[in-house]
Amino acid sequence: MSETTNPPTNFIRQIIDEDLRSGKRTNVATRFPPEPNGYLHIGHAKSIVLNFGIAEDYNGTCNLRFDDTNPGKENMEFVEAIQRDVKWLGYSWDERLYYASNYFQNLYEFALELIKNGKAYVCELNAEQTREYRGTLKEPGKDSPYRSRSVAENLDLFEKMKSGEFEDGTKVLRAKIDMTSPNINMRDPVLYRIRHGVIHHQTGAEWCIYPMYDYTHPISDALEGITHSLCTLEFEDHRPFYDWVLDNISVGCHPQQIEFSRLNLEYTVMSKRKLTQLVSEGFVNGWDDPRMPTLAGIRRRGYTPAAMKLFCQRIGITKSEGIVEMELLENCVREDLNIIAPRRMAVLDPLKVVITNYPADQVEQLTLPNHPQDESMGTRLVPFCNEIYIEQEDFLEEANKKYKRLVKGDCVRLRNAYIIQCDEVVKDDYDNIVEIHCSYIPDSIGSNPEGIKPRGVIHWVSARHGVVAEVRLYDRLFAVAAPDAMANKEDKAFTDYLSPDSLHTLTHCVVEPSLTDAQPGDSYQFERQAYFCADLDHGNGKVVFNRTVTLRDTWAKIEQKGR
RNA sequence: UGGGGCGUCGCCAAGCGGUAAGGCACUGGAUUUUGAUUCCAGCAUACCCAGGUUCGAAUCCUGGCGCCCCAGCCA
């Protein structure tokens, strides 16, 4: 079965199929619940495509919900960036944009219900004491001395917590479950903590008590009528508490939490903490630096939503943890860009070529196809004259037969133009090649004249018409495949493995004139080289392109092996 | 055994008791005015290991081994 005839299936979809079949569920409602404390990355894309994709395929809904219960770390910049990125991927939450903070009042009332039923209590242990009482992984914890307060006292104390009578850290509301549970998450987890002086981006200073994620999440899901609450593996241990909350309040809805493995990608890091560090410590130029695995970054790099979705489809959804090779991601972008990116010519490292037998006052406007395999993409005009630039690496004074480019005394085809032959090499006093003199073969456009066999095809740009451009060559951010694991193993910082070659900026490139019309974000294939897109800095006289991903280069691999 | 998970080709991943899909990577070869694309062919007698059940096991059972997660008033 091929990929296209085989719709994406995974264990979560199988569970949903069974739930629908058995009648356990009659609809499908999912949600994507980011905390607005950073930008979304490729790992989030996996979750977005999963959640929104399921909603689409099952004729259900997917809510966008900000998990904003920790105001100290969250802000509106992130709230806005996240919405931008989800939209960019092509998904719509319609009017279903929610915030966990929308439910602060509900959450508070359910807490009251738990207290009244003897299921929650106000604890005065400080953070350190709480940790001590919790026990360890192998030893049970012990009950807090405040565990057996009366309902009335708990109600009174919680009310005072809410009204601001206590300082930060002096009291918390805890669930009363089992301090000896082998699952640490069930040892009377904290439900509410006190936070004075923080301004929440949604609720301002209205509250001074904030609910914890583990308490908030199941209730938010239930209030939204979520059927399947999909999250990552590290929450597996939290599921018993997720269920406990819903089983002990009168919310009347019980979504099912299902966990899947996070995405790990070679040559990058995927934790928000580390990405934040790269930004805040200036290792990269912001969250949208094209080297970042953030959606904002890869978008600026030139990755397309279609490529991202294809990638998410190909990596699949399972509970096993692994690390995906960069080649898989790169193949996905190439696959999409190969179809949609118009072809252009650009010389990154120019070598001047004077065509001695071409009239110096003549200019031809050649009509070239925008895509050799797709006529519907049209054509554009490219000027040709007696002075052009070719790539330095496309010329050698001497070379063996395998070198399919220009060699002194031999001829080569200029892409979509004439065949030229190198007659002379002009050098300066230091033996550096300054320019080369060639002669062109008239009537050689379109086919090879009798007896002429060019070694290969090289790209070019008219020296008199070409436009100077800045080209940013991006490569993998890290020098090692698994920077996290490596840093751990060698007791170093993950930043020690940042690649010195992640960005090379070229400022003397020459591109064909039509490229000045590009809009930021437009993708092109610079023939024989790579896919590029116009950067955000492009325009208003500046010509700036980012390399998205190189073309597959089997020649480079063969050369590599030779060494 | 403190508890919870995971282990199928180099990487990702189907498989759900009937005799190992697919993608990426890789290797050949064809076509090519991008050393690109496209196309064709090859690529796990084998499913962490060892026993067992069965006519038949990657799939069931038992026992091992390896790896990941959990002791935030973070999410």
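What you are looking at is a predicted structure, and each value in this text was computed from that prediction instead of being measured. Order of the sequence lines fixes the chain letters, A, B, ..., with proteins taken first and strands second; residue numbering starts at 1 for each chain.
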Whole Å only: how far is the CG atom of A:Asn264 from the P atom of B:C69? 10 Å
Separation of the P atoms in B:A20 and B:G29, to the nearest angstrom: 30 Å
How far does the C1' atom of B:G7 sit from the matching atom of B:C49, given to the nearest Å? 11 Å
Under 4.0 Å between a side-chain N or O of A:Thr318 and OP1 or OP2 of B:A13? yes
Which whole-number value in Å describes the distance from A:Phe311 CZ to B:A25 P? 13 Å
Checking only heavy atoms, does the side chain of A:Asp237 share a donor-acceptor pair with the base of B:G3 at less than 3.5 Å? yes
Any idea if B:G5 is syn or anti, going by the 90°-from-0 cut? anti
I'd like to know if A:Glu266 reaches the base of B:C11 with its side chain, counting only an N/O donor and acceptor under 3.5 Å. no
Report the distance from atom CZ of A:Phe66 to atom C1' of B:C74, rounded to the nearest whole Å. 18 Å
Between B:C73 and A:Arg134, is there an OP1 or OP2 to side-chain N/O distance shorter than 4.0 Å? yes
Which part of the nucleic acid does A:Arg174 contact within heavy-atom distance under 4.0 Å: base, sugar-phosphate only, or nothing? nothing
Can you check the A:Ile12 CD1 to B:A13 P distance for me, whole Å? 13 Å
Given B:U37, is OP1 or OP2 found less than 4.0 Å from the side-chain N or O atoms of A:Arg552? yes
Heavy-atom nearest nucleotide on RNA chain B taken for A:Asp68 and for A:Asn338; more 5' hit belongs to A:Asn338
Quick one: A:Tyr215 OH to B:C73 C1', roughly how many Å, whole number? 16 Å
Does any N or O donor sit under 3.5 Å from an N or O acceptor when you compare the side chain of A:Gln373 with the base of B:U38? no
By nearest-nucleotide position on RNA chain B, the 5'-leaning member of A:His217 and A:Asn183 is A:Asn183
Describe the nucleic acid contact of A:His238 in one word from base, sugar-phosphate, nothing, applying a heavy-atom distance below 4.0 Å. base
Applying the 5.5 Å / 30° rule, does A:Trp555 stack onto the base of B:G35? yes
Just call it for A:Gln14: base, sugar-phosphate, or nothing, with non-hydrogen atoms closer than 4.0 Å on any strand. base
Is the phosphate of B:A13, meaning OP1 or OP2, less than 4.0 Å from a side-chain N or O of A:Ser320? yes
Main-chain N/O of A:Glu321 paired with A:Ser261 side-chain donor or acceptor, under 3.5 Å: no
Charged tip of A:Lys319 within 45° of A:Phe260 ring normal and under 6.0 Å: no
Would A:Arg134 and A:Glu139 pass as an ion pair if we require N to O under 4.0 Å? no
Check if the side chain of A:Arg343 and the base of B:U34 share a donor-acceptor pair of N or O atoms closer than 3.5 Å. yes
Is the backbone N or O of A:Glu167 less than 3.5 Å from a side-chain atom of A:Thr170, with the two atoms forming a donor-acceptor pair by type? yes
Expressed in angstrom and rounded to an integer, what is the separation of A:Arg413 atom CZ from B:U32 atom C1'? 13 Å
Testing the basics here: between A:Pro34 and A:Leu40, what is the closest heavy-atom pair and its distance to 0.1 Å? CB-CD1, 4.1 Å
Return yes if the base of B:G10 and the side-chain atoms of A:Glu325 contain a donor-acceptor N/O pair under 3.5 Å, otherwise no. yes
Heavy-atom donor-acceptor pair, A:Arg314 side-chain to B:G22 base, under 3.5 Å: no
Check every strand shown and say whether A:Gly169 touches a base, only sugar-phosphate, or nothing at a heavy-atom separation below 4.0 Å. base
Just to be sure I understand the rule, does A:Val172 reach a base, reach only the sugar-phosphate, or reach nothing, if contact means heavy atoms closer than 4.0 Å? base
Cation-pi geometry met for A:Lys160 and A:Phe166 (6.0 Å, 45°): no
Roughly how many Å apart are B:C60 and B:U1, using the P atom of each and rounding to a whole number? 24 Å
Determine the contact category for A:Lys404: base if any of its heavy atoms lies under 4.0 Å from a base atom, sugar-phosphate if only primed atoms, P, OP1 or OP2 are that close, otherwise nothing. base
note: A:His41, atom NE2; B:A75, atom C1'; distance rounded to Å ~ 12 Å
In whole Å, what is the span from the CG atom of A:Leu328 to the P atom of B:C12? 10 Å
Whole-angstrom distance between B:A75 and B:C70, as gauged at atom P: 16 Å
Counting only side-chain nitrogens and oxygens, does A:Arg239 get under 4.0 Å of the OP1 or OP2 atom of B:G4? no
Looking at the rings of A:Tyr99 and A:Phe66, which for Trp means the six-membered one, are their centres under 6.0 Å apart? yes
